[in-house]
Amino acid sequence: MTFSQRFSRSLASCLIPLLVLPAAIPAPAQTPRKPAQQASAGWLYKNSDVPPDTEWNFGELANGLRYATRKNGVPPGQVSIRIRVDAGSLNEQESEQGFAHLLEHLLFRQSKYLGNGEAIPTWQRLGASFGNDTNAETTPTQTVYKLDLPNATPASLEESFKLLSGMVTAPTLSEANIRTEVPIVLAEMRERGGAGQRVQEATRRTFYAGQPLATRAPIGTVATLNGAHQDAVRAFHSRWYRPENVVVIVAGDIEPAESAALVKKWFSSWKGVGKPTPAPSFGDPIAPKDGDPANPVGETQVLVEPDLPRGISYAILRPWRPVNDTIVYNQGLMIDSLAQAVINRRLEAKARAGGSYLVAQVSQSDISRSVDGTFVAVTPLGADWQAALKEVRSVIADALATPPTQEEIDREVAEVEVAFTSPVEQRRLLPGSKVADDLVTALDIRETVAAPEAVLEIFQKSKPLFTPQAVLDHTRSLFKGTVTRAVLVTPKSGEGDAASLRQALAAPVAGDPSVRLANNKPIKFDEMPAIGEPGRITALAPTGLLNIEQVEFANGIKAMIWPTQDEPGRVAVKVRFGGGYRAFGANDAPYVTLGQMALVGSGEGTLGQEELDRISTGRKMGFDFNIEDAVFEFSADTRQQDLADQLYLFAAKFAMPRWDVNPVRRAKAAAQLQYETYATSPQGVLERDLKYLQRDRDPRFHTPSPAEIEKTTPEGFKDVWSRVLANGPIEVQIYGDFDRVATLAALQRTFGALKTRPPLPKDTAPASARQPAPTAQPVVLTHRGDDNQAAAVISWPTGGGSMGITESRQIEVLTQLFTIRLLDAMREKLGASYAPQVYSSWPLDLDSGGTITALAQLQPKDVPAFFTTAQEIAADLIARPVTADELGRVIEPMRQRVTRASTSAAFFMYQLEGATADPSRIGAIRTILRDYTVTTPEAMQALAAKYLHPDKSWKLSVLPQEATGQAPTPAAR
């Protein structure tokens, strides 16, 4: 990660979420340090005094290609390779729109050492799964090819570099390949479409008006893609795919010198054709011709999207300029980020207190080397968007007028410091894929990378710079620009137009000092009431697996603990309790939805939302909540020094739950605003209704309508969720770098001190799942999105329960075989779907309810072809064994995936969920590699015959309402 991005991401991990990226804002006034001589540091650190990350080794070939190599053993045996081409959609001419992305596809189609369609199978045979281990991405400014090669050997590395070099330097850009790939790209374009895409496109065109970025989306246009031909595509490749535009990055379980030798062997002979083409100008934002120079409001646009909630986004735009990535520059970024954090915390406080908006946020970003922008996003609660915008602008106006208090700054600094400290503690856990991607990002934004220790040291030395006046100065710089542009999205016409939006932004506002956070006094855990008398440990015994132990307390609560030094500085905590969806009644669906949003925020004891924020300031703590089929989960990543308090935070939710009203009211507003968005696309309809339908319309899985949400009350919320918290067993899992004795004592003071838990109530639903009857014709739902979008689903019932865990793992192998064939048929042969998939669900906590599900997004006319193709594949899997090569292409990536995952404590935590009640899961983990990798074509055939019978299938299609003539109503209850 670049130094400045590391700072921004650290802020983004705090309780108040930020979307912060580096931008060129003036640094604090001080004497700049002279950049250190970096001759030995490599080309990345030219004109920078940021301490080089000495684990990277840099080089450059005679042809101009640069490379960076690094030894990294996480996970063991894996080598991550990135090939970055410094060309994206902004390098395209008008007639070439989409060519950079099309070229990305074509490189995987055929090249010097790979025949037509051989890339994916070849990487699979080497153990790399398609989409996860092999992938690529195109942005406005770059194209990156990615390979995470597991179990890398000298032979597989040699082969990989050979293949990658052929892809980049000598792709087969034939007319036949272009005609094959264009429909796949158009399918990708179609699947991205809909209301959200229209808003994104309109926002891009409005914000970046007059610059190439406004009209250069990486996906291109239908016209330019259909017009692509081999001469034009070859010309684009020849112009931009040149050695001097390429960087090869290698990070993994290989010596840097060996990586460098492979780069030299396979890329040294590459020569560019002709003279290099200068990079095009990306332009600058253009000031409005009239208006207030102090508030230069320019282009505005209002979009009417009936199925989207109201939303306002505006941007203060400045020219982007390259900078020398120095310590002083990064100190300026730190103060920028603190300024944003203070404003965002105030905006959140205003929303929590009953503001006219649901959420608002300020972020600073450099966008595609085209603009340096400060962006403000607002989601109004009702039709009066002007009031919401005014409230947000008033909070910002106060921050522009008055310095924050030092206490406010210190609070944000404490949040950042813990985020910077953790990477230092966990440095040796950083995966090679991550450090490779971070270097790609640094190259793209023209900055450097820094080791975690250097980041922390510079941050700590910079603290004297974080003064109220400095933050005020930087706040003012953030909200000054060449032009301010805005977009309003509204579900109803007549609520506003471009002129009224412009006027609302141009109108002066008075600062709102009401949300300055005056009371920043830290709250200490040792001031909190005790959970109860420390509990007695009644059993403590090894599980027989690694050094994992099981603990049982006199109150019946059980825990599994695994202190391990393999992951320094990291502790994972998970609390599983109650009955999950089984605990709800038929009419509880609205409260299920609200609980997912509001249960944690409702507080505990004397701690409301603000107090929960303050008590965790400067601590590595969390409070994630999830609802599963038969259990609820609290989870967090923490560290040894915060573990005891993290356990208290979780246990107090059971011992002294609090029922604040505002989080429930806010959750109601969010759920109501979100609901209509489901109808805007096939994938939205699937998100809303698929699980409900696959559970045979079980009302507990119903997505409640706005009217149903409106009927809920805070009292009803308390009734439902207090019952959930009060009943059923509790299992605690703690895995990671912690002190065993201290943690056992902390467990005694927290979970051991809880009152004995009553069992689940008698009216709890049984541990089974309903499934719909097979269908000859698909169930039809409709959406209000684009009329060229549809989705199709076919599923077959399987089973559930831990007794069938071996078979469930074998089914996953079968679904991967199914996916290979479906991808080949629907994407490669027909070009009908970009990413069809097949997956298996097998609920371990239920005795039934599993499915094999195949789904695809496609055009309405291709829905029948999907069902026919899926059923033909299922029939063929039943009729004859798969080939040994097909099976190998699935088994080897499975083997590597399990092998890599098992190097993490999180893997064992996931696999052993529920083991305190079901000890068979401990034994099942010992067979996991065998279950996924030891099978035969005949075994797969038998499994297909057992589950993929045509008479057992259930089908669903999601079509545009114009195609059916029926309204886009949700699935009937």
Side-chain angles (χ1 to χ4, degrees), residues 525-526 528-564 571-580 583 604-605 621-623 625 628 630-636 638 640 642-657 722-761 764 845 905 908-922:
F525 276 93
D526 57 15
M528 300 299 295
I531 300 294
E533 290 296 321
R536 180 171 56 89
I537 295 175
T538 57
L540 176 60
T543 61
L545 179 67
L546 302 172
N547 291 318
I548 300 173
E549 296 177 286
Q550 181 167 314
V551 188
E552 186 167 352
F553 295 93
N555 60 5
I557 291 175
K558 299 178 181 180
M560 298 189 79
I561 63 171
W562 184 22
T564 172
V571 182
V573 182
K574 183 175 289 185
V575 179
R576 287 164 52 90
F577 64 94
E604 53 189 52
M621 302 176 73
F623 209 138
F625 175 55
E628 299 289 348
V631 71
F632 300 97
E633 291 181 350
F634 295 147
S635 60
T638 184
Q640 168 62 45
D642 297 325
L643 175 56
D645 293 337
Q646 179 71 70
L647 291 172
Y648 178 93
L649 204 61
F650 283 157
K653 194 67 179 176
F654 300 101
M656 51 190 88
S722 59
R723 170 172 147 152
V724 163
L725 291 173
N727 297 288
I730 293 177
E731 174 188 87
V732 184
Q733 290 177 294
I734 309 173
Y735 291 15
D737 181 13
F738 61 87
D739 180 88
R740 175 180 177 275
V741 173
T743 299
L744 286 171
L747 279 169
Q748 287 181 279
R749 294 192 304 271
T750 55
F751 284 92
L754 291 173
K755 295 179 180 178
T756 301
R757 303 269 297 178
L760 292 173
T764 300
D845 293 319
F908 291 92
M909 173 174 275
Y910 175 76
Q911 296 294 330
L912 294 178
E913 288 178 351
T916 58
D918 181 7
S920 70
R921 301 187 190 189
I922 298 173

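Atoms considered below: every heavy atom in the structure, side chains included; atoms not considered: hydrogens, waters and symmetry mates.
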So that I can tick it off, tell me whether [Y] and [X] are bridged by a salt bridge, with the cut-off set at under 4.0 angstrom between side-chain N and carboxylate O.
X      : Y      : value
Glu731 : Lys558 : no
Arg740 : Glu549 : yes
Glu633 : Arg576 : yes
Arg749 : Asp526 : no

* Asked: Taking it one step at a time, do Ile561 and Phe738 satisfy side chain to side chain contact (heavy atoms under 4.5 Å, CB included)?
  -> CA-CA 10 Å; Ile561 63 171; Phe738 61 87; 4.0 Å; yes
Mark yes or no for whether [X], through its side chain, and [Y], through its backbone, hold a donor-acceptor pair below 3.5 Å.
X      : Y      : answer
Thr564 : Gly736 : no
Arg757 : Asn727 : yes
Gln646 : Gly622 : yes

Return the minimal non-hydrogen interatomic distance between [X] and [Y], and the atom names on each side.
X      : Y      : value
Val571 : Asp737 : CG2-O, 3.3 Å
Ala651 : Ile531 : C-CD1, 4.1 Å
Ala753 : Asn555 : N-ND2, 4.3 Å
Val573 : Thr638 : CG2-CG2, 3.9 Å
Asp918 : Ser920 : OD1-OG, 2.6 Å
Leu760 : Gly579 : CD2-N, 3.7 Å

To the nearest 0.5 Å, what is the distance between [atom1] on [X] and [atom2] on [Y]?
X      : Y      : atom1 : atom2 : value
Phe553 : Phe751 : CZ    : CZ    : 9.5 Å
Leu649 : Thr750 : CG    : OG1   : 11.0 Å
Leu747 : Leu643 : CG    : CG    : 7.5 Å
Asp642 : Tyr648 : CG    : OH    : 15.5 Å
Met560 : Met909 : CE    : CE    : 10.0 Å
Arg921 : Leu545 : CZ    : CG    : 14.5 Å

* Only counting residues at least two apart or in another chain, list the ones meeting ring-ring contact (aromatic ring centres under 6.0 Å, His included) with Phe634. => Phe577, Phe623, Phe625, Phe650, Phe654
Hey, are the side chains of [X] and [Y] touching, using non-hydrogen atoms and a 4.5 Å cut-off?
X      : Y      : answer
Tyr735 : Leu912 : yes
Pro761 : Thr764 : yes
Gln640 : Thr743 : yes

* Take Lys574 and Val732 through the test side chain to side chain contact (heavy atoms under 4.5 Å, CB included) and record every step on the way to the result. => CA-CA 6 Å; Lys574 183 175 289 185; Val732 184; over 6 Å; no
* **Test applied, side chain to side chain contact (heavy atoms under 4.5 Å, CB included); reference residue, Ile557; option that passes from Val575, Thr916, Ile730** => Ile730
* Asked: Got more than 12 heavy atoms from elsewhere within 6.0 Å of CG, Asn547?
  -> no
